[in-house]
Amino acid sequence: MTKLKWGMIGGGEGSQIGPAHRLGALADGRFELAAGALDHRPEVGREYAQRLGVAADRAYGDWKEMLQGERDREDRVDLVTVATPNSTHFEISKAFLEAGFNVLCEKPMTVTVEEGEELVRISEKTGKICAVNYCYSAYPMVRQARAMVANGDIGKVRLVVTAFSHGHHGDATDADNPRVRWRYDPAMAGVSGQFADCGIHALHMASFICNDEVETLSADFASCIASRELEDDAMVNFRMSRGTVGRLWTSSVAIGRQHGFEIQVFGETGGLRWFSEQPNQLIYTPVGGRTQIIEKGEGGLYDEATRLSRVAIAHPEGFPMAVANIYCDLADAIQGQARDSLPVAADGVRSMAAVHYSVDSAKQGGAWVDARPPMFR
Ligand code: NAI
């Protein structure tokens with residue numbers, strides 16, 4: 001099997017998300033790391049890329065050099081991952097899509113709704129994939145939940161309740177630490193702090209499992225640590241297009257919660273529950289029946305879950321393997337097999353719209369507002 005060629009921008013040594021991409025992309029032997037501009041310091045990036053096995057002429061100092069170097073090569077990369085800080089995603093993704101590359105962009109895809117809509121249009125026009133790394137949606141048991149909802153196993157969905165709440169920024173004495181402070185500084189983070197950082201994973205997950213879109217929302221934002229300009233806690237109520245009621249809580253001051261990402265989906269004939277800290281289990285309760293634990297790797301799962309399970313039942317698979325599943329879907333899509341489970345630019349712009357309109361709603365005391373980007377109204 002010929003391996004797809006993969007290039008990476010950002011995700012340099014010591015970065016948070018870079019290792020998960022490398023473990024994920026290389027896990028199944030479908031991609032090889034062929035090019036990279038890995039660091040904001042050109043020499044550091046070049047040196048690290050070569051240490052990872054990238055040829056010297058494809059270990060670039062910055063993304064513009066990489067675009068120049070790759071665009072006319074016969075063996076140009078099939079996919080470019082953008083794992084840089086948020087404010088750079090749009091410019092880099094746009095340039096590579098327009099030059100005919102497939103892109104996997106980290107979340108949040110853009111900073112504004114307009115930029116997000118532009119990436120949707122460019123992806124449609126060029127026919128190139130613009131995927132977004134909503135990697136939690138790629139855990140096998142999240143795929144199982146989605147398939148169960150699609151197959152009517154819990155009946156019509158009434159209610160979805162989700163939280164992505166941790167306590168890692170809950171120490172007021174640490175609020176001025178530069179690694180923490182920028183996340184709540186509008187000049188660095190944009191219009192939203194915690195909701196744009198973690199809440200959008202939960203909102204995307206609600207849409208993903210229910211296979212439905214958020215239409216309206218009402219938000220309450222709070223800065224529990226008063227020196228913060230942006231919210232460190234948010235409660236967002238929403239409604240989906242088929243009437244499903246949604247509740248979302250996201251927080252970074254919930255001391256004692258570690259990762260704290262969970263979702264419950266309640267239908268007319270049953271309920272489902274998944275928690276990111278126990279990702280191999282999906283809890284299912286049929287109406288009037290006993291609660292069951294459905295395990296990754298067991299018999300009788302839907303294909304969508306089975307095809308993404310690498311090791312046998314009860315052996316743990318974690319976060320990098322969820323990222324690996326995004327790369328599996330990408331490899332299939334690049335090789336011509338459509339994968340509607342792959343989060344794409346339309347999902348990215350829906351998140352950006354939800355962030356911006358939540359800010360508007362919160363400023364209006366929680367007024368209900370249209371949550372959809374203008375292009376999808
Ligand atoms: P980080 O600050 O730990 O690392 C950023 C890396 O990008 C560094 O290696 C830096 O040198 C490099 N870099 C910065 N500007 C660059 C440029 N112009 N060209 C090339 N390299 C550049 O950041 P982290 O936490 O890894 O986040 C990166 C992105 O990944 C963010 O957008 C973040 O929201 C997202 N992320 C997504 C997660 C997920 O669950 N999908 C989890 C963590 C982060």
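Counting convention: from 1, in listed order, for ligands and their atoms alike.
- The shell of residues lying under 4.0 angstrom from ligand 1, judged by heavy atoms, includes Leu38.
- Of the listed residues (Ser309, Ser137, Ser341), just one forms a side chain to side chain donor-acceptor pair (under 3.5 Å) with Arg143, and that residue is Ser341.
- Checked against a 3.5 angstrom limit, the closest N/O atoms of Asn133 and ligand 1 fall inside it.
- Applying the 6.0 Å contact sphere to NZ of Lys156 captures more than 12 heavy atoms from other residues, nucleotides or ligands.
- Atom 23 (O) of ligand 1 lies below 4.0 Å from none of the non-hydrogen atoms of the protein.
- Note on ligand 1: Tyr134 sits outside its first shell, no heavy atom being nearer than 4.0 Å.
- Heavy-atom proximity to atom 4 (O) of ligand 1, evaluated over Gly36, Gly10, Ser15, Cys105, is greatest for Ser15.
- Contact check for Thr110 versus Leu119: side-chain heavy atoms found under the 4.5 Å cut-off.
- Relative ring orientation between Tyr327 and His21 is described as perpendicular, the plane-to-plane angle rising above 60° on a 0-90° scale split at 30° and 60°.
- Ligand-side atoms of ligand 1 in range of Gly12: 9 (O), range being under 4.0 angstrom from any heavy atom.
- Nearest non-hydrogen protein atom to atom 6 (C) of ligand 1 is Gly11 N, 3.6 Å.
- Of the protein's heavy atoms, at least one falls inside 4.0 Å of atom 36 (N) of ligand 1.
- Summary of contacts: the protein heavy atom closest to atom 33 (C) of ligand 1 is Lys107 O, 3.7 Å.
- Asp75 and Arg58 are joined by a salt bridge, as a carboxylate oxygen and a charged side-chain nitrogen come within less than 4.0 angstrom of each other.
- Proximity of Glu106 to ligand 1, defined as any heavy-atom pair under 4.0 Å, is confined to the side chain (atoms from C-beta onward).
- Contact check on Asp62 versus Arg46 returns no salt bridge, with no Lys/Arg side-chain nitrogen under 4.0 Å from an Asp/Glu carboxylate oxygen.
- Which parts of ligand 1 touch Ala37 is read off a 4.0 Å heavy-atom cut-off, strictly below it: atoms 20 (C), 21 (N).
- Heavy-atom distances between His89 and ligand 1 reach below 4.0 Å in at least one pair.
- Distance alone, capped at 3.5 Å, places no donor-acceptor pair between the Gln264 side chain and the Trp274 backbone.
- If you check which protein heavy atom lies closest to atom 19 (N) of ligand 1, you get Thr84 CG2, 3.9 Å.
- The N/O atoms of Pro108, backbone and side chain alike, include none that comes under 3.5 Å of an N/O atom in ligand 1.
- Residue-ligand proximity, Pro85 to ligand 1, at heavy-atom distances under 4.0 Å covers atoms 14 (C), 15 (N).
- Not a single N or O atom of Phe319, backbone or side chain, sits closer than 3.5 Å to an N or O atom of ligand 1.
- A salt bridge links Glu317 with Arg310: at least one charged nitrogen is closer than 4.0 Å to a carboxylate oxygen.
- Summarising the contacts of atom 3 (O) of ligand 1 with Met109, Gln16, His201, the nearest heavy atom is found in Gln16.
- Residues Tyr184 and Ser227 have side chains that never bring a donor and an acceptor to within less than 3.5 angstrom of each other.
- Nearest non-hydrogen protein atom to atom 44 (C) of ligand 1 is Ile17 CB, 3.9 Å.
- One finds no salt bridge joining Asp78 and Lys5 here, because no Lys/Arg side-chain nitrogen approaches an Asp/Glu carboxylate oxygen to under 4.0 Å.
- Which parts of ligand 1 touch Asn86 is read off a 4.0 Å heavy-atom cut-off, strictly below it: atoms 31 (C), 32 (O), 33 (C), 34 (O).
- For ligand 1 and Cys135, the ligand atoms under 4.0 Å from any heavy atom of the residue are 40 (O), 41 (N).
- Residue, atom and distance of the protein heavy atom nearest to atom 10 (C) of ligand 1 are His40 ND1, 3.5 Å.
- Note: Leu97 CG to Thr126 OG1 = 5.5 Å, rounded to the nearest 0.5 Å.
- Less than 4.0 angstrom separates some heavy atom of Ala83 from each of these atoms of ligand 1: 7 (O), 28 (C).
- The pair Glu115-Lys94 does not count as a salt bridge, with every side-chain nitrogen at least 4.0 angstrom from each carboxylate oxygen.
- Ion pair Arg228/Asp232 flagged as a salt bridge, since at least one NZ, NE, NH1 or NH2 atom sits closer than 4.0 Å to an Asp/Glu carboxylate oxygen.
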